[in-house]
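Structure, as structure tokens:
Just so it is clear, the values below take in all heavy atoms, side chains as well, and ignore hydrogens, waters and symmetry mates. Note that the coordinates shown come from a computational prediction; the quantities given were computed from them, not determined experimentally.
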Amino acid sequence: MEHPLAPLEVFLDLNFNARDGDEFLMYIIQWTKEREGLLHLCCKAVRISEVPFQRVRRVLDGVQLDCIQEVEVNCIWDLPTLGTFGLYLGQMSNLQRLSLSYIDVLAEEEDREEEEDWDRKQQEEPRSFSQFLSQMLRLRHLRDLNMDCPSFLQGRLDQMLRCLQTPLDKLPMENCQRLTHSDLTPLFQCPNLRQLKSLHLFRLSLADFSPESLRALLEAVAPTLQDLGLDNCGMVDSQVQAILPVLSHCHQLREFTISENNFSVATVEKLLHHTAGLRSLEFELSGLSSWGY
């Protein structure tokens with residue numbers, strides 16, 4: 001009685017998918033509540049894949065959100081759903097990794113069977129995104145931001161970047177065809193990307209983009225960068241050659257891929273010449289698009 005035992009910690013990842021139900025998760029939550037003071041349920045990772053948000057909400061209402069360190073969302077959610085999820089996200093004060101895939105906005109070509117409902121959702125989008133951003137401001141330990149098909153960030157990426165409270169270690173962005181030149185400029189100028197260890201840009205259209213901003217970002221992260229991917233970005237000879245001197249100073253670089261772009265064999269040779277002196281480099285992939293041969 002003088003030295004009571006600390007509560008038993010039970011670690012459980014929350015995985016939501018179309019295959020498995022939530023009965024086990026709900027049972028564990030109830031089992032923990034019945035033993036309050038004796039047990040502490042610690043959920044460090046949440047993975048959500050193609051399930052209705054109401055399923056997720058029911059479980060999140062029963063767990064201690066500040067234990068969560070990793071969230072992965074792989075769902076075709078609209079912005080109102082993302083805004084609602086943000087209210088939970090903001091309570092995950094120790095979150096370190098956030099991955100968002102396939103969050104979408106309403107499109108003109110969508111089926112308009114319910115015209116009033118479509119108009120209502122369209123009006124909700126700006127408010128929902130602002131609500132999501134207000135919760136992002138509370139994430140003071142976020143180090144890894146992973147975004148796949150982030151069409152909802154078209155015209156909004158700069159707002160998202162301004163919400164970062166700490167420098168990121170990792171920034172993978174994939175399938176970003178909808179992001180425009182004006183979206184990319186703030187990306188390369190964001191102060192909280194100046195200590196990156198890993199930068200992956202996949203299918204991000206850089207074809208008509210001035211290499212100056214990308215070169216400036218690489219110069220800033222050269223002392224820390226360990227992993228760089230610039231695959232399928234439509235890069236041409238002049239753009240690749242503009243960043244070659246910077247690559248020579250990325251002495252921590254371990255992996256570097258720049259495949260499926262539109263530069264020539266001659267540029268590949270120059271590239272290999274500049275990376276040959278990187279002693280930490282373990283893997284390099286610089287294949288060309290079909291017309292580059």
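In this structure a side-chain-to-backbone donor-acceptor pair under 3.5 Å is missing from Asn262 to Val236. The main-chain N or O of His141 is never found under 3.5 Å from a side-chain atom of Gln96 such that the two would form a donor-acceptor pair. For Glu255 (side chain) and Leu253 (main-chain N/O), no donor-acceptor pair under 3.5 Å exists by modelled atom type. In terms of modelled atom types and a separation under 3.5 Å, the side chain of Thr166 and the main chain of Leu142 share a donor-acceptor contact.
Side chains of Asp183 and Asp158 form no contact here, defined as non-hydrogen atoms less than 4.5 Å apart. Within the 4.5 Å cutoff, the side chain of Met160 has heavy atoms near those of the Met147 side chain. Put simply, the side chain of Glu284 does not reach to within 4.5 Å of the side chain of Ile258, judged on heavy atoms. For the pair Thr32 and Val10, the minimum side-chain heavy-atom distance is 4.5 Å or more. In this structure, the side chains of Asp22 and Arg58 come closer than 4.5 Å at one or more pairs of heavy atoms. Inter-residue side-chain proximity for Val73 and Arg47 is flagged as unmet; no heavy-atom pair is nearer than 4.5 Å. Taking 4.5 Å as the limit, every side-chain heavy atom of Phe152 sits out of range of all side-chain heavy atoms of Tyr102. At least one side-chain heavy atom of Cys176 sits less than 4.5 Å from a side-chain heavy atom of Pro150.
Counting only residues at least two apart or in different chains, side chain to side chain donor-acceptor pair (under 3.5 Å) contacts with residues 232-246 comprise Asp237-Ser264, Asp237-Thr267, Gln241-Thr267.
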message: Before you tell me yes or no, could you show the steps for Phe132 and Leu89 under side-chain contact (heavy atoms from CB on, under 4.5 Å), namely the whole-Å CA-CA distance, both residues' side-chain angles and the distance that decides it to 0.1 Å?
response: CA-CA 8 Å; Phe132 173 72; Leu89 192 69; 3.7 Å; yes
query: Does the pair Lys44 and Phe11 meet the rule for a side-chain contact (heavy atoms from CB on, under 4.5 Å), with working shown?
result: CA-CA 8 Å; Lys44 290 194 173 184; Phe11 292 89; 3.7 Å; yes
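In summary, of the residues considered (Asp231, Asn175, Asp148), a side-chain hydrogen bond (donor to acceptor under 3.5 Å, both in side chains) with Arg203 occurs for Asn175 alone.
Cation-pi check for Arg156 over Phe129 is met; the charged atom lies under 6.0 angstrom from the ring centroid and within 45 degrees of its normal.
Summarising the geometry, atom CG belonging to Leu39 is positioned 4.5 Å from atom CH2 belonging to Trp31; distances are rounded to the nearest 0.5 Å. Atom OG of Ser130 and atom CD of Glu125 lie 11.5 Å apart (nearest 0.5 Å).
Inspection of the Asp66 and Ser93 side chains reveals no N or O donor paired with an N or O acceptor under 3.5 Å. Counted by atom type alone, Ser182 and Thr180 present one or more donor-acceptor pairs between their side chains at under 3.5 Å. With no hydrogens or angles considered, a side-chain donor-acceptor pair links Arg140 and Gln165 at under 3.5 Å.
In this view, Phe85 and Trp77 satisfy the ring pair (Phe, Tyr, Trp, His ring centres under 6.0 Å) rule, not counting sequence neighbours.
Environment of CD in Glu34: crowded, with over 12 heavy atoms of neighbouring residues, nucleotides or ligands closer than 6.0 Å. Applying the 6.0 Å contact sphere to CZ of Arg55 captures more than 12 heavy atoms from other residues, nucleotides or ligands. Within a 6.0 Å radius of NE2 in His181, more than 12 heavy atoms belonging to other residues, nucleotides or ligands are found.
A salt bridge is defined here as a Lys NZ or Arg NE, NH1 or NH2 lying under 4.0 Å from an Asp or Glu carboxylate O, and Arg97 with Glu72 meets this definition.
Between Phe53 and Phe16, the distance from one ring center to the other does not fall under 6.0 angstrom.
Ring-plane geometry between His249 and His251 is classed as perpendicular, the angle between the planes exceeding 60 degrees on a 0 to 90 degree scale with a lower cut at 30.
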